[in-house]
There are 2 protein chains.
Amino acid sequence: MNKEEQVIMGFRDLFNKMTSLNKIKMEDSLQGYKPSEVHCIEYIGRNVDSNVTKLAESFYMTSGAISKLTKKLIKKGFIESYQKPDNKKEIYFRLTEQGKVIDKVHEELHKEFQERDKAVFEQVTEQQFDSMLSFVEKYSSHLDAEIKKLGINIKAE
Amino acid sequence: MNKEEQVIMGFRDLFNKMTSLNKIKMEDSLQGYKPSEVHCIEYIGRNVDSNVTKLAESFYMTSGAISKLTKKLIKKGFIESYQKPDNKKEIYFRLTEQGKVIDKVHEELHKEFQERDKAVFEQVTEQQFDSMLSFVEKYSSHLDAEIKKLGINIKAE
DNA sequence: GCAATTTTGTTTCCTTGTCAACAAAATAAT
DNA sequence: ATTATTTTGTTGACAAGGAAACAAAATTGC
């Protein structure tokens, strides 16, 4: 296995591991709240005028899935929808007071995770951070270009 | 947002992006074969004596899910199960000839992805590779330790 | 201004995965 | 040896997400 593969598979495995561990911790602290729900609440809390489309793009999920998820969150009273006077199509979301509480708890948990992993990051130098970040950025924009190409390809076929 | 978060979220977004792009390409080349199926075939092709338990651990999935997945792959004729003379409980999997074909096509596709992303990796120095790999390794074993702790915690409660 | 196209969101059907209960074999404890 | 525990795998009920068909509003093109 070459280094390219090692890096990719290494990070993939790392994230799978982290996700499954954090999920357990999360379900412990935020009992009854699913990771996807909390993730959605977090996004809406941080981005004004969130809507189904933006959430779907950000989460790499279909709008159908987000539509159902937000509907459930409204029913549970964590978010509420609103519209703008000049647009009768787009539907935006904001957190309710109850939603803000969840967001707060989640934020605390997030800090706890950072604290837990602090030791690992302390060993990383400034240069290493910057080189990883530049790698991610380059790779990400490379993929963006590929996705764009594909979009054109699809239409061409 | 601090650098820790930037790295984590950057990589997470990168992988989501890569996964969704590769999924589209994969469904194009390996029409009718789902990523999870191909992933499973790949693992069985690379690991002798694969069984439900090992697959579940490697994929961070439940054994129930793997049990159903492998059952489906057997039905489709891509893998077959076998047992060892001295153990009537464990069930192992190997690829059928048809499965090996899929594995081959997948491997080609994998190379195509590597070719596609070569430009990004060419800009990465040997030192950067090593520092990323050592980061992954440290983080991963740190999480392993945390998971182990949790196992003890669960039993203690 | 009006028809055609695009955007935005919802709903239905289907697949995939989790959870929990279970069975059977292997291993450990006594 | 035989009983208890653990390991391994399966199944059924259920929940989450994707795909496609759809509706309604917004935008574009003429």
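By convention in this document, chain letters (A, B, ...) are assigned in the order of the sequence lines, proteins followed by strands, and residues within each chain are numbered from 1.
Look at CD1 on A:I91: it is 13 Å from P on D:dA24, rounded to the nearest Å. Whole-Å rounding puts the B:K68 NZ to D:dG12 P distance at 9 Å. The distance between atom CZ of B:F93 and atom C1' of D:dG9, rounded to the nearest whole Å, is 9 Å. The distance between atom CD of B:E57 and atom C1' of D:dT7, rounded to the nearest whole Å, is 11 Å. The distance between atom NZ of B:K72 and atom C1' of C:dT16, rounded to the nearest whole Å, is 7 Å. Atom CG in B:L55 sits about 13 Å away from atom P in C:dT18, given to the nearest Å. The distance between atom CD1 of B:I66 and atom P of C:dT15, rounded to the nearest whole Å, is 19 Å. One atom, NZ of A:K34, and another, P of D:dC14, lie 14 Å apart when rounded to the nearest Å.
Mapping A:K88 and B:S63 onto DNA chain D via the closest heavy atom, the residue that lands nearer the 5' end is B:S63. Nearest-nucleotide positions on DNA chain D place B:E90 closer to the 5' end than the other of A:G64 and B:E90. Comparing A:K89 and A:K23 against DNA chain C, the residue whose closest nucleotide sits nearer the 5' end is A:K89.
Side chain of A:E122 to main chain of A:A119: no donor-acceptor pair is present (N/O by atom type, distance under 3.5 Å, no hydrogens or angles). Counting only distance, with no hydrogens or angles, the side chain of B:T70 and the backbone of B:I66 share a donor-acceptor pair below 3.5 Å. Between the side chain of B:R12 and the backbone N or O of B:I8 there is no donor-acceptor pair closer than 3.5 Å.
Counting any heavy atom pair closer than 4.0 Å across all strands shown, A:K71 reaches sugar-phosphate atoms only and no base atom. As judged by a 4.0 angstrom heavy-atom cut-off over every strand, A:T53 is placed among residues touching the sugar-phosphate backbone only. Counting non-hydrogen atoms under 4.0 angstrom, A:A65 reaches the backbone sugars and phosphates but no base. Within the nucleic acid shown, A:K54 has no heavy atom closer than 4.0 Å to any nucleic acid atom.
Checking A:D144 against A:Y139 by side-chain atom types alone, no donor-acceptor pair falls below 3.5 Å. When only modelled atom types and interatomic distance are considered, A:R94 and A:N47 share no side-chain donor-acceptor pair under 3.5 Å.
For the pair A:S67 and C:dT11, the criterion of a side-chain N or O lying under 4.0 Å from OP1 or OP2 is not met. Side-chain nitrogen and oxygen atoms of B:N51 include none within less than 4.0 Å of the OP1 or OP2 phosphate oxygen of D:dT8. Distances shown here put a side-chain N or O of B:N87 below 4.0 Å from the OP1 or OP2 atom of C:dA26.
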